[in-house]
Amino acid sequence: MNRSLESWQNEAIRCIRCGACQNVCPVFKELQVESTVARGRVKLIRGVINKDLDLTEGLIDKMSLCLMCKACVANCPSGVKVDKLVEAARKEITEKKGLSPLKNLVFRLVLKNRWIFDTGMRTGRFFQGLVFRKGPEGQGMLPRMSLGIDKRRLLSPLAQKTFKSLYPEVVNVPEAKMKVAFFTGCMINYIYPDTGRAVINVLKRNGVEVRIPPLQNCCGTPVRINGDYETAKTMAKANIDVLLKENYDSVVVACGTCGLSLKEEYAELFQDDPIYLEKAKILGSRVKDFTELVVALEGFQDKMGHLPLKVTYHDPCHLARGLRVKAQPRKIIRSIPGVVFQEMDKADTCCGSGGSFSLYHYELSTKINDHKVNTIKETGAELLVTGCSACRMHIADGLNRQGIAVQVMHTAQLIEMAYESKQRRITKNLGV
């Protein structure tokens, strides 16, 4: 991907303007504007490549109105990599126009530097009450003032303790069947340690030793998709070096976006660096989503107890269309005694989060999210399960706005609940 925009000319001309992307693009469905659908963006990018168009503010805005959900790519009869074209355009914009002051600060000072990022997030938990107030019924938090975030945006608070601070570097198990490294990602470490705890507990119950590399950092996806490739490469190199330091059986992720970055997109960053290209490929070959690993473990379902719940599942875009993990979470859910699984309509449609997209384009993201919330409501489920923390937060925001009492959790947490249910039954039968 470290190529000039002009080198993408052949990819851009493959678009036959058939309009198939109109049927699946969440943004186009809301705006009904040609320049916000894949074929429209491709035409704009061709105009820039051919020097017919300049990088105007209007064009830059159109490039920002993309969720990077890959729906257009999955449904394109010509196989045009629209997401990569948009990335290339954003890279060109960053190189020619620079980053905004806020992104420059966040990407190049904070995210790039592990110590600064970690210190800032740890410190932030003490002061978040000054900037945010409690949400409705004490759930989540809402901005007290406009800080580039819509004041209606319900966010999950920073955890009082980071996930990595709760566990030793190595979580040992007797006679381990395998040894894995756990790439936590930012949201699990700083916001949803309950997901990380569930991952650890489930893997321990199945005889898997887990190492949590302390020097791992943000995967770099927010930086890369905003066009700052040099910073993204620096971050990728650091994570590659950390995760290849020891020879694990697998590198486990519990986030589709982090997983896709480690599995495929790091290698794309280093096409001009043969040393790190090879390292990135080795790392990519070891990456597994948590649910991929679980379903491959013999007898994982034997430890599950009864859960009388009606459950539905939301496919995160990068997990379903990026890592192509769709069957595994459903197999897990259907394996739990007592659970009634109700498939929602268009479960793999984007929820509208798109990482920072929902912060910069909140009004639009809520309209997209409302469709997802409505389909959840139609299932009659009391619990929504997903494999992405960003989706979890955004959908919880949508459910809260509509006053729908559906709990949202990660797939790992549902398995943990099932395991605990059986353990409680065994303990009760033993009279302990």
Side-chain angles (χ1 to χ4, degrees), residues 24 69-71 74-75 188 192 194-195 198-199 201-203 205-206 208 250 252-260 263 287-351 353 371-396 398-399 406-422:
V24 295
C69 69
K70 297 180 179 286
N75 290 273
I188 289 176
Y192 294 123
D194 53 357
T195 295
V199 168
N201 288 343
V202 170
L203 294 182
R205 294 266 184 104
N206 285 281
V208 179
S250 296
V252 178
V253 293
C255 166
T257 299
C258 291
L260 184 61
K263 192 173 185 68
V287 172
K288 287 185 181 296
D289 179 69
F290 168 75
T291 59
E292 285 185 288
L293 182 64
V294 168
V295 298
L297 295 170
E298 185 177 352
F300 79 90
Q301 65 269 53
D302 298 339
K303 305 169 184 65
M304 293 176 170
H306 189 269
L307 291 179
L309 293 170
K310 190 171 185 179
V311 177
T312 192
Y313 179 79
H314 161 70
D315 287 291
C317 298
H318 292 166
L319 186 59
R321 286 184 286 275
L323 294 177
R324 294 167 289 281
V325 173
K326 294 187 73 172
Q328 295 90 336
R330 288 168 171 81
K331 180 177 180 180
I332 289 169
I333 295 169
R334 291 190 174 105
S335 298
I336 301 174
V339 165
V340 176
F341 177 60
Q342 182 63 52
E343 187 78 68
M344 77 171 78
D345 184 41
K346 298 178 181 177
D348 63 352
T349 298
C350 183
C351 70
S353 172
H371 296 302
K372 177 62 64 175
V373 170
N374 289 336
T375 58
I376 295 169
K377 184 179 179 181
E378 288 169 1
T379 66
E382 56 196 303
L383 176 64
L384 171 77
V385 176
T386 187
C388 170
S389 295
C391 293
R392 175 183 175 182
M393 185 185 293
H394 193 56
I395 292 172
L399 290 165
V406 174
Q407 189 178 0
V408 187
M409 65 173 58
H410 193 279
T411 316
Q413 293 175 274
L414 182 64
I415 307 173
E416 181 186 43
M417 284 175 61
Y419 283 5
E420 288 177 348
S421 174
K422 185 163 186 176

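Residues H394 and K372 are not in side-chain contact: their nearest non-hydrogen atoms beyond the backbone lie 4.5 Å or more apart. Proximity of L384 to H314: side-chain heavy atoms (C-beta onward) are separated by under 4.5 Å at one or more points. I415 has its side chain within reach of F290: a pair of non-hydrogen atoms, C-beta onward, lies under 4.5 Å apart. Counting heavy atoms from C-beta on, the side chains of H318 and L323 never come closer than 4.5 Å. Looking only at side-chain heavy atoms (C-beta outward), D348 and K326 come within less than 4.5 Å of each other. Taking the side chain as every heavy atom from C-beta outward, N206 and L293 never approach each other to under 4.5 Å. At a threshold of 4.5 Å between non-hydrogen side-chain atoms, the residues T375 and T312 do not count as touching.
Partners of E416 under the side-chain contact (heavy atoms from CB on, under 4.5 Å) rule, at least two apart in sequence or in another chain, are R197, A198, N201, V202, E420. Considering only residues two or more places apart in sequence or on other chains, K377 meets the side-chain contact (heavy atoms from CB on, under 4.5 Å) condition with I404. Remark: R324 pairs with E264 by the salt bridge (charged side-chain N to carboxylate O under 4.0 Å, His left out) rule, at least two apart or across chains. For C69, the side-chain contact (heavy atoms from CB on, under 4.5 Å) partners two or more places apart in sequence, or in a different chain, are P26, L67, A71, C317, R321, C350. Taking the side-chain contact (heavy atoms from CB on, under 4.5 Å) definition, one finds that S389 meets it with M187, I188, Y192, sequence neighbours left out.
For S353 (side chain) and C391 (main-chain N/O), no donor-acceptor pair under 3.5 Å exists by modelled atom type. When atom types are taken as modelled, the side chain of K331 and the backbone of T291 share no donor-acceptor pair closer than 3.5 angstrom. Side chain of E382 to backbone of K310: a donor-acceptor contact under 3.5 angstrom is found. Side-chain atoms of K263 come within 3.5 Å of backbone atoms of V287 as a donor-acceptor pair (strictly under, hydrogens ignored). Between the side chain of K422 and the main chain of D302, a donor-acceptor pair closer than 3.5 Å is present.
Note that CG of L307 and CE of M417 are 5.0 Å apart. Values are rounded to the nearest 0.5 Å.
Closest approach of C351 and I395 over heavy atoms only: CB-CG1, 3.9 Å.
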Would you tabulate the side-chain donor-acceptor contacts of residues 336-345 under 3.5 Å, counting partners in other chains and residues two or more places apart, or write 'none'?
from, atom 1, to, atom 2, distance (Å)
E343, OE1, R330, NE, 2.9
E343, OE2, R330, NE, 3.4
E343, OE2, R330, NH2, 2.9

